[in-house]
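The structure under discussion appears below in the form of structure tokens.
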Amino acid sequence: MAEQSTPSAAPAAGHTARAEAAKPADAAKPADAAKPDRAVVRDSLGVGVAVGLSGFAFGVTSVGAGLGLLQTCALSLLVFTGASQFALVGALAAGGNPFTAAAGAFFLGTRNAFYGLRLSQLLALPRALRPLGAHWVIDETTAVALAQPTRRAARIGFTVTGLTLYVLWNLTTLVGALGAEAVGDTDAWGLDAAGPAVFLALLAPMLRSTTDRAVAGLAVVLGLGFLPVLPAGVPVLVAALAAPAVLWLRGREEDRR
């Protein structure tokens, strides 16, 4: 004999479904997706220490480009985004106009604003902590936070990576700036390439789609192509046009289909 449901079964099922839908994103994930806090801290420390030590190269390069000790340390304390800092001092070292160099560094740093849009939803920090958290929104903290399976793990990864990297980056910047005289010619040591190398190492794994690779490839072509003919710092601005150009071409192809 078939089992019949009672009249109260349907409303009860509806309440259960609504309760499940109302659960936070973390609760909806399976238990085996959780990552131990110790593992998150370990991975975050690894990234923070590895990248933080490259602040030494920035300190040496910045002083070699003509900036003073206080100016160099202020850049690391207040700007705290390695790619933009290296772009600025690199353009100045090549004899570029300070305003052009600053503009190139600024536009390169705008990527952090887009990181912030994603992290604001993921981390959901209290309002009072958001200004402090915004200062730590960079490539490394974003990569670590997005790699975590839960909000708790993302917050731990973001905080540990940001704190470790901020402290080490500023300490090694100071050491590099103080030791610039002893190092001598930074070009001979290749220290000016440390920052871009770290940035490329973080960027490469993110180029997963054909569009991503096309934007990166066109940016390289534009940057290198205009390097001999434009003032220092301007090729970076021109390379930024790669993204809208590729997206426009892709849109035209989709319209034809």
Side-chain angles (χ1 to χ4, degrees), residues 47 51 54 57-58 61-62 65 75 78-123 134-147 158 161 165 187 190 192-257:
V47 173
V51 180
S54 62
F58 171 73
T61 305
S62 179
L75 276 174
L78 302 177
V79 178
F80 187 54
T81 175
S84 295
Q85 291 177 230
F86 273 105
L88 174 64
V89 299
L92 293 176
N97 182 284
F99 293 103
T100 304
F106 172 79
F107 281 107
L108 188 57
T110 55
R111 70 192 187 282
N112 294 336
F114 296 100
Y115 293 161
L117 294 176
R118 177 67 183 92
L119 290 180
S120 64
Q121 300 175 355
L122 175 64
L123 301 177
H135 194 50
W136 287 355
V137 175
I138 53 176
D139 302 307
E140 295 81 4
T141 55
T142 302
V144 171
L146 293 179
F158 177 85
T161 305
L165 185 50
D187 292 337
D192 55 329
V198 171
F199 181 75
L200 289 176
L202 291 166
L203 177 66
M206 300 181 184
L207 304 179
R208 298 170 183 170
S209 67
T210 303
T211 302
D212 294 339
R213 291 188 286 270
V215 170
L218 181 57
V220 170
V221 171
L222 289 175
L224 294 179
F226 284 98
L227 188 61
V229 295
L230 292 178
V234 177
V236 175
L237 303 179
V238 176
L241 299 175
V246 171
L247 293 176
W248 179 73
L249 290 174
R250 182 181 176 184
R252 289 195 61 184
E253 290 181 1
E254 291 179 352
D255 291 340
R256 289 175 183 175
R257 295 175 187 172

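Every heavy atom of this structure was used, including side-chain atoms; hydrogens, water molecules and symmetry mates were not.
- Of all heavy-atom pairs spanning V89 and L75, the tightest one is CG1-CD1, 4.5 Å.
- A distance of 9.0 Å separates CG of L146 from OG1 of T141, quoted to the nearest 0.5 Å.
- The two residues A93 and A65 have their closest heavy-atom pair at CB-CB, 3.7 Å.
- F158 places none of its side-chain heavy atoms less than 4.5 Å from the side chain of L122.
- Expressed to the nearest 0.5 Å, how far OH of Y115 lies from CG of D139 amounts to 4.0 Å.
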request  = Under the side-chain contact (heavy atoms from CB on, under 4.5 Å) rule, what do L247 and V215 come out as? Steps first, then yes or no, please.
outcome  = CA-CA 8 Å; L247 293 176; V215 170; 5.6 Å; no

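- Contact record, A83 with L108: O-CD2, 3.5 Å, taken as the closest heavy-atom pair.
- In terms of heavy atoms, L207 sits closest to A216 at CD1-CB, 3.8 Å.
- In this structure, T81 OG1 and W136 CH2 are separated by 15.0 Å, a value rounded to the nearest 0.5 Å.
- Listed for the T61 side chain is a donor-acceptor partner under 3.5 Å among the backbone atoms of A57.
- For the atom pair CG of L218 and CG of L241, the computed distance is 9.0 Å after rounding to the nearest 0.5 Å.
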Identify all side-chain donor-acceptor contacts of residues 221-231 below 3.5 Å with residues at least two apart in sequence or on another chain.
none

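- Heavy atoms from other residues, nucleotides or ligands lying under 6.0 Å from CZ of R213 number more than 12.
- The salt bridge (Lys or Arg N to Asp or Glu O under 4.0 Å) test applied to E253 returns no partner, not counting sequence neighbours.
- Taking CZ of R252 as the start and CG of L249 as the end, the distance is 7.5 Å to the nearest 0.5 Å.
- Aromatic ring pairs are classed by plane angle as parallel below 30°, tilted from 30° to 60° and perpendicular above 60°; the pair F80 and H135 is tilted.
- Taken from CG in N97 to CG in L92, the straight-line distance is 9.0 Å, to the nearest 0.5 Å.
- The two residues A101 and A91 make their nearest non-hydrogen contact at CB-CB, 3.5 Å.
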task = Check step by step if side-chain contact (heavy atoms from CB on, under 4.5 Å) holds for V47 and L165.
result = CA-CA 8 Å; V47 173; L165 185 50; 5.9 Å; no

